[in-house]
Each structure stands twice: as C-alpha cells, then as structure tokens.
**Q** 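One structure, pasted below without further comment.
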Amino acid sequence: MLLDEPSLGLAPLVVTEIYEIISKINQEQKMSMLIVEQNVRAALGVSNYGYVMENGRIVLDGPADRLKDNEDVKEFYMGISASGTQKSYKNIKHYRRRKRWLS
C-alpha cells in the first residue's frame with residue numbers, strides 16, 4: 001500500500017489515530033507499506049526502514065531505529081538539538097544542512 005502524506009493538514013490527535021490504523025493494518029494484514037511523509041516522527045514511529053530524500057535524491061537510508069538516532073535527522077527533520085532540546089531556527093539568519101551523509 002502506498003500512502004502519500006497521510007498526516008498532511010490533520011490535527012495531532014487525528015495523526016496519532018491514523019498512524020495507529022496504519023500500524024494495525026501492517027501488523028494484522030501483513031501488508032507492506034510505502035509511506036511518503038514529512039512528519040518524520042510519525043513515519044519512523046511505525047516504520048522498519050526509512051529513506052531520507054532531498055531534492056529528489058536519497059541522501060540517507062537505514063533501519064528506522066538508526067535513523068531516529070541519527071544526529072542530522074534529529075536536528076534537521078525533527079528539530080531536536082544536540083543537547084536533546086527543541087531547536088529554534090527563528091534567530092538564525094542562514095542555516096545550511098550538513099552534508100556529512102553525501103561525502
């Protein structure tokens with residue numbers, strides 16, 4: 001099953017419910033799913049494996065648990081700083097993603 005942005009524009013409680021349903025279908029029906037999602041926390045929460053794409057290119061992939069622990073994924077896609085706190089880009093004039101994974 002292919003799901004494209006299942007959380008787009010939905011309230012947080014509805015997103016939680018949607019991902020519970022996705023997980024239930026996956027486990028009970030043994031159905032493989034491909035989820036295209038910008039909500040990284042929700043997607044990795046139910047995934048076994050993930051791909052990070054930028055500008056149409058896969059720049060990082062691996063087991064969901066490894067991606068959840070990746071510093072760049074945390075910082076740039078989950079908004080969590082190295083200290084584990086929420087990161088705010090409001091006060092930064094220009095921010096560029098590190099490209100460690102491309103080298």
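Being a predicted model, the structure only gives us computed values, none of them experimental. These numbers come from the heavy atoms of this one structure, side chains and all, not from hydrogens, waters or symmetry mates.
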**Q** Can you tell me how far CG of Asn26 sits from CD1 of Ile21, rounded to the nearest 0.5 angstrom?
**A** 13.5 Å
**Q** Leu44, Val59: one ILVMFWY side-chain cluster at the under-4.5 Å cut-off?
**A**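 Cluster IDs for Leu44 and Val59 match.
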**Q** For Ala64 and Ser47, work out which heavy atoms get closest and say how close.
**A**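 Nearest heavy atoms, Ala64 then Ser47: CB-O, 3.2 Å.
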**Q** State plainly whether one hydrophobic cluster holds both Val46 and Val40, where clusters connect Ile, Leu, Val, Met, Phe, Trp and Tyr through side-chain heavy atoms under 4.5 angstrom apart.
**A**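 No; tracing contacts between hydrophobic side chains, which count when under 4.5 Å, never links both residues.
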**Q** List, one per line, each side-chain donor-acceptor pair under 3.5 Å for residues 1-18, sequence neighbours excluded.
**A**
residue: Glu5; atom: OE1; partner: Gln38; partner atom: N; Å: 3.4
residue: Ser7; atom: OG; partner: Glu37; partner atom: OE1; Å: 3.0
residue: Ser7; atom: OG; partner: Glu37; partner atom: OE2; Å: 2.9
residue: Thr16; atom: OG1; partner: Pro12; partner atom: O; Å: 3.1

**Q** Taking ring pair (Phe, Tyr, Trp, His ring centres under 6.0 Å) as the cut-off, I'd like each qualifying pair that reaches into residues 25-58, sequence neighbours left out, listed once.
**A** Tyr49-Tyr51
**Q** Report the C-alpha distance between Leu60 and Asp72 in whole Å, list the side-chain angles of each, state the deciding distance to 0.1 Å, and finish with yes or no for side chain to side chain contact (heavy atoms under 4.5 Å, CB included).
**A** CA-CA 10 Å; Leu60 187 63; Asp72 288 334; 5.7 Å; no
**Q** Sequence neighbours left out, what pairs pass ring pair (Phe, Tyr, Trp, His ring centres under 6.0 Å) with at least one residue falling in residues 8-32?
**A**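 Residue pairs passing ring pair (Phe, Tyr, Trp, His ring centres under 6.0 Å), neighbours aside: none found.
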**Q** List the residues meeting salt bridge (charged side-chain N to carboxylate O under 4.0 Å, His left out) with Lys24, not counting sequence neighbours, and say none if there are none.
**A**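 For Lys24, no residue satisfies salt bridge (charged side-chain N to carboxylate O under 4.0 Å, His left out) once neighbours in sequence are set aside.
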**Q** Suppose we screen for salt bridge (charged side-chain N to carboxylate O under 4.0 Å, His left out). Which residues come up paired with Asp61, at least two apart in sequence or across chains?
**A**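 Partners of Asp61 by the salt bridge (charged side-chain N to carboxylate O under 4.0 Å, His left out) criterion come out as none, since no residue qualifies.
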**Q** Under the side-chain hydrogen bond (donor to acceptor under 3.5 Å, both in side chains) rule, collect the residues that match up with Gln27, sequence neighbours excluded.
**A** Ser23
**Q** In Å and rounded to the nearest 0.5 Å, what is the CZ to NZ distance from Arg41 to Lys74?
**A**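 Here the rounded value is 10.5 Å.
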